[in-house]
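Notes follow once the structure below has been shown.
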Amino acid sequence: MVRWTADELRQAFIDFFVSKGHAHKPGSSLVPKNDPTILLTSAGMVQFKPYFMGTETPDVRRVTTYQRCLRTGDIENVGSTDRHATFFEMLGNFSFGDYFKEEAIRWAWEFVTERMELPRERLWATIYLDDDEAFQIWHEQIGLPRERIVRLGKEDNFWEIGVGPCGPCSEIHYDRGPQFGCGRDDCRPGCDCERFMEIWNLVFIQFYQDEAGQLTPLEQKGIDTGMGLERAASILQGVGSIFEVDLVRPILDEVARLAGTRYGADPEKDVSLRVITDHLRGIVFLVYDGVLPSNEGRGYVLRRLLRRAALHGRLLGLEEPFLGALVGRVVEQMKAGYPELLAQQEHIRQVIDWEERRFGETLDQGVQLLEEALNRVEAQGTKVLDGEQVFRLYDTYGFPVELTKELAAARGVEVDEAGFQQQMELQRSRARAAREATGYMGKPGVERYAELAREVPPTRFTGYERLEEEAQVLALLVDGQPVVEARAGDQVEIVLDRTPFYAESGGQVPDRGTLTGPGGQVEVEDVQRPVAGVVVHRGRVRSGRIRRDEVVLATVDAHHRWDTARNHTATHLLHQALRDALGQHAHQAGSLVHPEYLRFDFTHFQGLDRGQLRELEEEVNHRILQALPVTTTEMAYEEAIAAGAIALFDEKYGERVRVVAIGEYSKELCGGTHVHSSAQVGPFKIIQEGSVAAGVRRITALTGHGTLKLVTELDEGWDRLARLLGTTRDQVPQQVERLAAQVEELQGKLQKMLDQQATSLADQLLERAERVNGAAVVVASLPGLGKEQLRAMGDRVRERLRSAAVLLGTERDGRVQLVAMATPDLVAKGFHAGRVVQAAAKEVGGGGGGRPDMAEAGGRQPERLEQALAVGKETLKAQLGAAAGLAGDGPTPGEP
Ligand code: SER
C-alpha cells in the first residue's frame, strides 16, 4: 500500500482520471446552484444533474472532481462511529453519455489496486440484485472471485437523489479485518458492523426519477462515482477512523488541547471530540459557501451543527466560545484543496463567533433547566420529558428539538414529541390572539371566536376567482356580542357563509370593500381569520341597517385588491431575484404586502450598493416585461417541495398546499392573491434598502400605480425646479453648476472686501499704538467680532510690527472674548500674554490663559469690558516696564 497523505490521494485521483481523458473541473458550492430540489450538495454529481438529464449539454463528456459534501441524514451517528461524518470530500469521475459500466469498473479497480496498491484479497464488490452485467465485469474481466461479489437490494445498491438521475450501483468495500467485525459467519459487505468499509460507489446512471418516484430510462447513460476521501485515506494511513487521517486529526487534537484532554483518553469525551471536529469542518465550509445561521433551510442546518458543536464543547468543559478560535486550524488543514478559504478565514471566524456567543448567552440557563427537568423525570421514574419542557427549551433557550432529544437520550429519557407539537400550535394561536388584542376592535378573545366557529360552518373563500359574491349573514356582532340587527354608525363584526374577501395572512393586508344588504350597507375595513375556518369582516354600518340571516352582496374594492396583488407577485419576483443575485442564504425573513408598497426582509449581512439595487430592479422588471403567466396549483406538500417550490421554514403548511408559479422563474408556497400575468405588476421600483436587525436587510419597493405616482411626482418636481431656476428641464444641471460658480465668485469678492475692511481696521489700531520701552502697545475693543476674527485681527496687527504687545477684546451675544499676543522678541525677554488675559478676564468674571505669545480668555460681564481692557493694559505695560533696558531698535518698518 502506498503511504499517501489525504492531499496526495486527492491529487493522485484527479491525475489518474485526467490521464484517462477526463477534464478536471472544480467542485461546486455546498449550496446547489439553480437546483431548489435539494438543500445541500451531498455528492459530486449534484452539479452535473442537468448533463445526465440531457437538459444541458456539457462541453466535455468525461469529468473528474473533488467535491465538498454535507449530509445530515446520519447526524445522530456522527461521533459514535469511526466512519460517519456530516462533512466529507468525495472524489469522483463522471461520464455524460460517454463510457459506461465496463470502463468505470476497470478504472476504479486499476486505481485502488495499482495506484493505491490496496491488497486485492481485501477488496470486495457489491452489485445490485439483478445486475448480471456488473457481475460479469467484476468476475470475468477483473477476476474477482464469485464469493467476494455480493448482491444487495435497493436500499444499498440503487443510488437516487430524490428528483433526478439515478440508477443501480456497485460499491467497492475494504475488509479491515475480523478484529473489527461482529464475528458472525455471514458477515460480509452490507453487514452493520465496522469490518467492511465502503470506499467507492460506482453509479450506473440510466434512469430519471420524477416527483412521483416514477423511473424513466434516460436517453444517454452515464457514470457517476464517488470515493470517500477520508475513508480511503484512513486505509492508506493505517488508522482506525476517518478522524485520524492526517487531514482531520490535527483539528481533533486542537479541540482536545483546548479542552485539556487527549484523544483516546476517555471514550465519552472522544465522542464529543469527534462531533466537534466533524461539525466544525461542515460549519466552516457552509459559511465559506455563503450560508448564514438562521431558522430555516441551510441556515438552520448551519445553526444546528454549530449548536451541537457548542454543546459538545460544554460537555468537554469548554464554557467560553471556542469554535471561532478553531477556524484557523480547519483552514490550515484544508487550504491545499481549497486555497480560497484563506481569504475568507476572517469572515468565517466572525460569523461563527457571533453566532456562538449569541447561543452561549442563553445556553447556560437552558442546560441547567434541562438538567433539572431530567432529574425530575428520573425521580418520577417516567422516562419521558414532557412536551411543555421541550417547548420551553426551544422557545426560550433556542434548543433545537433534536438536541434536547439527544441530550435526554444520553440519560435514557425520551421526548414527548406530540406534546411538543401541541405546544407549538398553542403558541401560534397565542400569537394570533395577541395580534387580535392589538386590533382596533380591542378585546374579543380567541375563545369567543372558537365558540363561533362551532356554531357556524367554515366560511368558504371564493376570492381567488371572484371579487363579488352573494352571501348570507351567519353571525352579526356589536361590541363582541351577537345581535340580530345593527344600525348606521355601529361598529360590527360579520361572519358570512362564503366570502370573496381575503383575510389578512402571509404578510398580505386584508381586502376592503362593502357588504350591501336589502336595508343598508357596511363598509368593510378589516378582515381577519381569528380561528381556523371563520372569516370575520369588521367595519361600520354606513347607512340603513343590516340584519342577521339576510343575504348581502359582498363586494371587494377591486382597485385595492389589484394593487395588493401586484405587490404580492412582485414580492415573489424580488425573492427569486435576490436569491439568484446574492445566493441562497438570502431568504425571506418577513414580508408586508400592501396596496401602496411592498416591504421585504431577507437574511444577508452586508448592505446592497446602488449597482446591486439597480441590477435587482432590472431583473425584476425584465421578468415583468416577459409577461410570464402566474399560475396556482394545489398539490401535496412533499410534491411541491420536490418540484422546487420555496417554502418558509417557520410557516406551518397543511398536507395540501397552494403553489404560486411565475412562469418557470419562481415557485413558492403561498395562499395570497396574485395577478394573472407578471406584466400586470407594472413598473417596479426600489425606493429604500436598509438594515432591520443583525443579518437582516429590508427592501421597500413600489409597483404599478405606486411607481407611476412616483414618476409623476418626480416629473412635477423637475418642472418646478426648472421654473425656479428659470430654465428648461434639460438645462437644470448646467444651470445649477452656473449658479454654484456664481456663488463661489461672489464669496470670493465678499472675502476680499472683508479683508480690506480688516486691513483698514488694523491700520487704525496701529495709528493709535502707544510705545513703551520701544515696543508698540495696541489695546482696543472691537465689538461685534467673533473669537476667530479677533484672533485674526491680533495676528494681523502683530505681523506688521517688529516688537509689539496686543490686547483685544470683543463683546458678542452677551459674552466677552479677550486675546493677548506678543512678538517673539518680547517673549524672549520674559513677556507672557497669558498673564495679561488673566488679569483682564478677572474683571469680566471669567478666566483663560495660553502661551507666552498668544493667550485667550472669556467672560460674562460685557458691561465691564472697558475696565477689563484698562486693567489688562496696566499689566501689559508693567511687564514691558519690567523688561526695561530693552530699548527699541528704532522704529519698526510699517509703523506710523
Ligand atoms: N452519487 C453517488 C454517491 O453519492 C456516487 O458519487 O454515493
Side-chain angles (χ1 to χ4, degrees), residues 9-10 13-14 16-17 20 22 24-30 32 35 37-53 58 62-75 77 83-96 98-101 103-105 107-109 111-112 124-128 131 134 150 152-174 189-190 196-209 215 218 221-233 242 282:
L9 169 58
R10 196 195 283 121
F13 183 95
I14 298 295
F16 176 78
F17 281 100
K20 304 286 182 201
H22 292 63
H24 175 205
K25 299 250 168 177
S28 71
S29 166
L30 284 177
D35 187 352
T37 64
I38 39 178
L39 204 57
L40 292 163
T41 297
S42 58
M45 58 80 74
V46 165
Q47 64 168 323
F48 302 124
K49 274 168 68 179
Y51 297 163
F52 288 118
M53 277 145 60
R62 294 178 188 189
V63 167
T64 177
T65 66
Y66 57 92
Q67 176 67 54
R68 50 190 179 280
C69 299
L70 209 134
R71 294 183 183 177
T72 52
D74 282 335
I75 193 166
N77 288 332
R83 59 179 204 280
H84 283 104
T86 58
F87 178 85
F88 61 97
E89 288 181 77
M90 191 182 268
L91 306 170
N93 56 294
F94 308 91
S95 149
F96 315 122
D98 188 23
Y99 62 86
F100 199 50
K101 265 181 215 187
E103 292 88 335
I105 292 177
W107 288 335
W109 186 252
F111 188 76
V112 290
W124 291 59
T126 65
I127 56 170
Y128 186 53
D131 193 350
V150 184
L152 291 174
K154 197 159 177 184
E155 194 166 316
D156 293 288
N157 279 61
F158 193 92
W159 203 84
E160 55 197 355
I161 187 178
V163 177
C166 59
C169 60
S170 173
E171 298 168 345
I172 300 176
H173 288 245
Y174 180 77
F196 294 95
M197 176 146 73
E198 178 210 331
I199 53 168
W200 201 339
N201 186 15
L202 319 175
V203 186
F204 314 125
I205 298 274
Q206 54 193 87
F207 300 109
Y208 174 77
Q209 175 161 291
L215 297 182
L218 286 170
K221 292 178 190 166
I223 288 296
D224 151 35
T225 91
M227 159 159 10
L229 172 68
E230 296 82 356
R231 288 187 181 183
I242 58 169

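Read the numbers this way: they start at 1 and go in the same order the structure lists the ligands and their atoms. Note: hydrogens, waters and symmetry copies are ignored here, and every other heavy atom, side chains too, is used. The structure displayed is predicted, hence computed values, not measured ones.
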Please write down residue, atom name and distance for the protein heavy atom closest to atom 7 (O) of ligand 1.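 The protein heavy atom lying closest is Asn201 ND2, 3.0 Å.
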Go through the steps to decide whether Val63 and Phe48 satisfy the test side-chain contact (heavy atoms from CB on, under 4.5 Å), and finish with yes or no. CA-CA 10 Å; Val63 167; Phe48 302 124; 3.7 Å; yes
Residue-level breakdown please: for Thr225 versus ligand 1, do any non-hydrogen atoms fall below 4.0 Å on the side chain, on the backbone, on both, or on neither?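 For Thr225, the contact with ligand 1 is made by the backbone alone.
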Interfacing atoms of ligand 1 (cut-off 4.0 Å, heavy-atom, [X]):
{"X": "Met90", "result": "3 (C), 4 (O), 6 (O)"}
{"X": "Met45", "result": "1 (N)"}
{"X": "Trp159", "result": "1 (N), 2 (C), 3 (C), 4 (O), 7 (O)"}
{"X": "Ala43", "result": "1 (N), 4 (O)"}
{"X": "Asp224", "result": "1 (N), 2 (C), 5 (C), 6 (O)"}

Does any N or O atom in Val203 lie less than 3.5 angstrom from one in ligand 1, N or O only?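 Among all N and O atoms of Val203, none is under 3.5 Å from an N or O of ligand 1.
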Non-hydrogen side-chain atoms of Leu215 and Gln209 separated by less than 4.5 Å: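 A side-chain contact exists here, since the closest heavy-atom pair is under 4.5 Å.
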Answer yes or no: is there a side-chain heavy-atom contact under 4.5 Å between Ile205 and Phe94?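 Result no, sub-4.5 Å side-chain heavy-atom pair not found.
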List the steps, then state whether side-chain contact (heavy atoms from CB on, under 4.5 Å) holds for Asn93 with Tyr99. CA-CA 11 Å; Asn93 56 294; Tyr99 62 86; 2.9 Å; yes
Arg71 heavy atom under 4.0 Å from ligand 1: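 Contact present.
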Can you see which heavy atom on Tyr66 is nearest to which on Glu89, and at what distance?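 Reported closest heavy-atom pair: CD1-OE1, 3.9 Å.
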Using ring centroids (six-membered ring only for Trp), state whether Phe111 and Phe13 fall under 6.0 Å.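 Between Phe111 and Phe13, which both carry aromatic rings, the centre distance is below 6.0 Å.
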Can the ring centroids of Phe196 and Tyr174 be said to lie less than 6.0 angstrom from one another?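 Centroid distance Phe196-Tyr174: not below 6.0 Å, so no.
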